[in-house]
Structure formats: C-alpha cells, structure tokens
Engineer: 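I have a structure I would like to understand better, so I am pasting it below and will then ask my questions one at a time.
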Amino acid sequence: MSDANAQDSIAMGTADPTPQADTVVLFRVPAETIEAFGPDLAARVASYAAALEAHRFSIGTPRPVEHPLVEAILAAGGMEVVEITPTPAPPEAEPALVVETLPIQPPPPPSEITKLRLVEFLGAIGKLREAHALLKLESPAADLTDAELLLRERWLAAQRLDLLSPEVAPLLQAIGIEPASLIA
C-alpha cells in the first residue's frame, strides 16, 4: 500500500478495503443433507445464480426463489466454499433396563389348600390330636420307619397341601374326613 493510500485509509478510519485472499470462510453442510439433494445440488446453485443475474436487469418480475439451502450456499460464495462435514454418528442408546420378571405361576389346583387352613379346620372339628397321632409328631425320629419320618417331615415343611395327594388323602380318611368334601 502506498503512503498516499495509507494516509487516505487512516484519515477515513478504515482499513484496507481489499479482502485478503487467504480468509475464505467455509460453509459447512452435513453430508446427509448433500446426499438428500442428490447430484444436482451444484447445478441448482449455478442455475439459481444465473437466474438472479438475469433478474438484475428485469423490471416488474418477481425475484427468483430457491430452496433455503441453495440460497444460503450462493450467499456464502457458491459451491467453492462448501465444506461437507461427516454425518455425526447417532448417539449411543443407553442399554435397556433388564427387568427380571417372575414366572407366572398357574393357580393352584382346587384340591390344594394352605396347611394353616387345614390345621384350623382339624382344630375346629376336634380332629387335630388324631392327625398329630397319625403323623407321630411327638415320637422320636429313631422310633419311626423311613416312610413315617418322610411323611412327618413333609407335613412339617409344607406350606400348602394337596388334599388328593397320596400322603394327605389317606391321613384325612384315617381320621374320618373325606378329602373331596373339603374342596371348595
């Protein structure tokens, strides 16, 4: 810049009005947007530029209109300043919560009741002592056969009883109760 031009610039309070060649601002466009327009995006930008140039000399005709992206690219300086950015990867989905579900239990058979209900019933009709005697609940384990010990331990461990099972039905019949009559 000559001294005269420098003095003119300082006097006017402006810097050198000529833009620097190395200060190109890129217009970033995601690759997926470019792909959505297909191969004719550059042709659309050039055609729109030509239409605007022709419109400059027209009178009474409306200004040409194009897709906002095409207008923005042209306003930024054309396809030469477009930088295609990679399409961002989709955010990683958080792992789904694993919810443990309990298996669906089928309803108990109608012949099954809680042991507490059976004990209450036997107590109410005065047959609980007979049931204890048949189960040999008071006898030491050494005095019982394996089958008697197994029956007693099953009785003690059970929370629910099947009235028609081979262990419970004979016990009830032995104290004078028909198991089928207890089924509701």
Engineer: Between Glu112 and Leu164, is any pair of side-chain heavy atoms under 4.5 Å apart?
Structural biologist: no

Engineer: Does the side chain to side chain contact (heavy atoms under 4.5 Å, CB included) test come out yes or no for Val81 and Ile73, once each step is laid out?
Structural biologist: CA-CA 8 Å; Val81 298; Ile73 290 172; 5.8 Å; no

Engineer: Ignoring hydrogens, what is the shortest heavy-atom contact between Lys115 and Leu156? Give both atom names and the distance.
Structural biologist: NZ-O, 3.2 Å

Engineer: Apply the test side chain to side chain contact (heavy atoms under 4.5 Å, CB included) to residues Gln159 and Thr114: give CA-CA distance (whole Å), side-chain angles for both, the deciding distance (0.1 Å), then the verdict.
Structural biologist: CA-CA 6 Å; Gln159 292 182 359; Thr114 64; over 6 Å; no

Engineer: Return the CG to CZ distance between Leu116 and Arg160, rounded to the nearest 0.5 Å.
Structural biologist: 11.0 Å

Engineer: Check for me, please, whether Ile183 and Leu171 land in the same ILVMFWY cluster - side-chain distances under 4.5 Å, paths through other members count.
Structural biologist: yes

Engineer: State, to 0.1 Å, how close Pro179 and Gln173 come at their nearest heavy-atom pair, and which atoms those are.
Structural biologist: CD-CG, 3.8 Å

Engineer: Nearest 0.5 Å, what's the CG-CG distance between Leu151 and Leu135?
Structural biologist: 5.5 Å

Engineer: For a 4.5 angstrom cut-off between non-hydrogen side-chain atoms, does Leu172 reach Leu163?
Structural biologist: yes

Engineer: Working to the nearest 0.5 Å, report the span between CZ of Arg63 and NE2 of His55.
Structural biologist: 8.0 Å

Engineer: Kindly compute the distance separating OG (Ser139) from NE2 (His132), expressed to the nearest 0.5 Å.
Structural biologist: 12.0 Å

Engineer: Tell me whether Glu120 is salt-bridged to Arg117, with the criterion being a basic N under 4.0 Å from an acidic carboxylate O.
Structural biologist: no

Engineer: Before you tell me yes or no, could you show the steps for Trp155 and Val168 under side chain to side chain contact (heavy atoms under 4.5 Å, CB included), namely the whole-Å CA-CA distance, both residues' side-chain angles and the distance that decides it to 0.1 Å?
Structural biologist: CA-CA 9 Å; Trp155 172 266; Val168 178; 5.5 Å; no

Engineer: So if you build clusters from Ile, Leu, Val, Met, Phe, Trp, Tyr with side-chain heavy-atom gaps below 4.5 Å, do Ile177 and Val119 land together?
Structural biologist: yes

Engineer: Any idea which heavy atoms bring Pro64 and Ala51 closest together, and the distance?
Structural biologist: CG-O, 3.7 Å

Engineer: Would Ser47 and Arg44 satisfy side chain to side chain contact (heavy atoms under 4.5 Å, CB included), going step by step from the backbone distance to the final call?
Structural biologist: CA-CA 5 Å; Ser47 173; Arg44 284 179 70 171; 5.6 Å; no

Engineer: Just checking Asp146: does its CG atom have more than 12 heavy atoms from other residues, nucleotides or ligands closer to it than 6.0 angstrom?
Structural biologist: no

Engineer: Identify whether Phe121 and Leu161 are in the same connected component of the hydrophobic contact network (ILVMFWY, side-chain heavy atoms under 4.5 Å).
Structural biologist: yes

Engineer: Which side-chain N or O atoms in residues 122-129 pair as donor and acceptor under 3.5 Å with protein atoms at least two apart or in another chain?
Structural biologist:
residue : atom : partner : partner atom : Å
Lys127  : NZ   : Ile175  : O            : 3.0

Engineer: From Glu92 CD over to Glu94 CD, what is the distance, rounded to the nearest 0.5 angstrom?
Structural biologist: 10.0 Å

Engineer: Taking all non-hydrogen atoms of both residues into account, name the closest pair between Asp162 and Ser111 and its distance.
Structural biologist: OD1-OG, 2.5 Å

Engineer: Please determine whether residues Leu144 and Leu150 belong to a single hydrophobic cluster, defined as Ile, Leu, Val, Met, Phe, Trp and Tyr linked transitively by side-chain heavy-atom distances below 4.5 Å.
Structural biologist: no

Engineer: Does Glu138, at its CD atom, have more than 12 non-hydrogen atoms belonging to other residues, nucleotides or ligands within less than 6.0 Å?
Structural biologist: no

Engineer: Any chance you could measure Leu149, atom CG, to Lys136, atom NZ, to the nearest 0.5 Å?
Structural biologist: 11.0 Å

Engineer: Looking only at heavy atoms, which two atoms of Pro170 and Ser165 are closest? And how far apart?
Structural biologist: CD-O, 3.8 Å

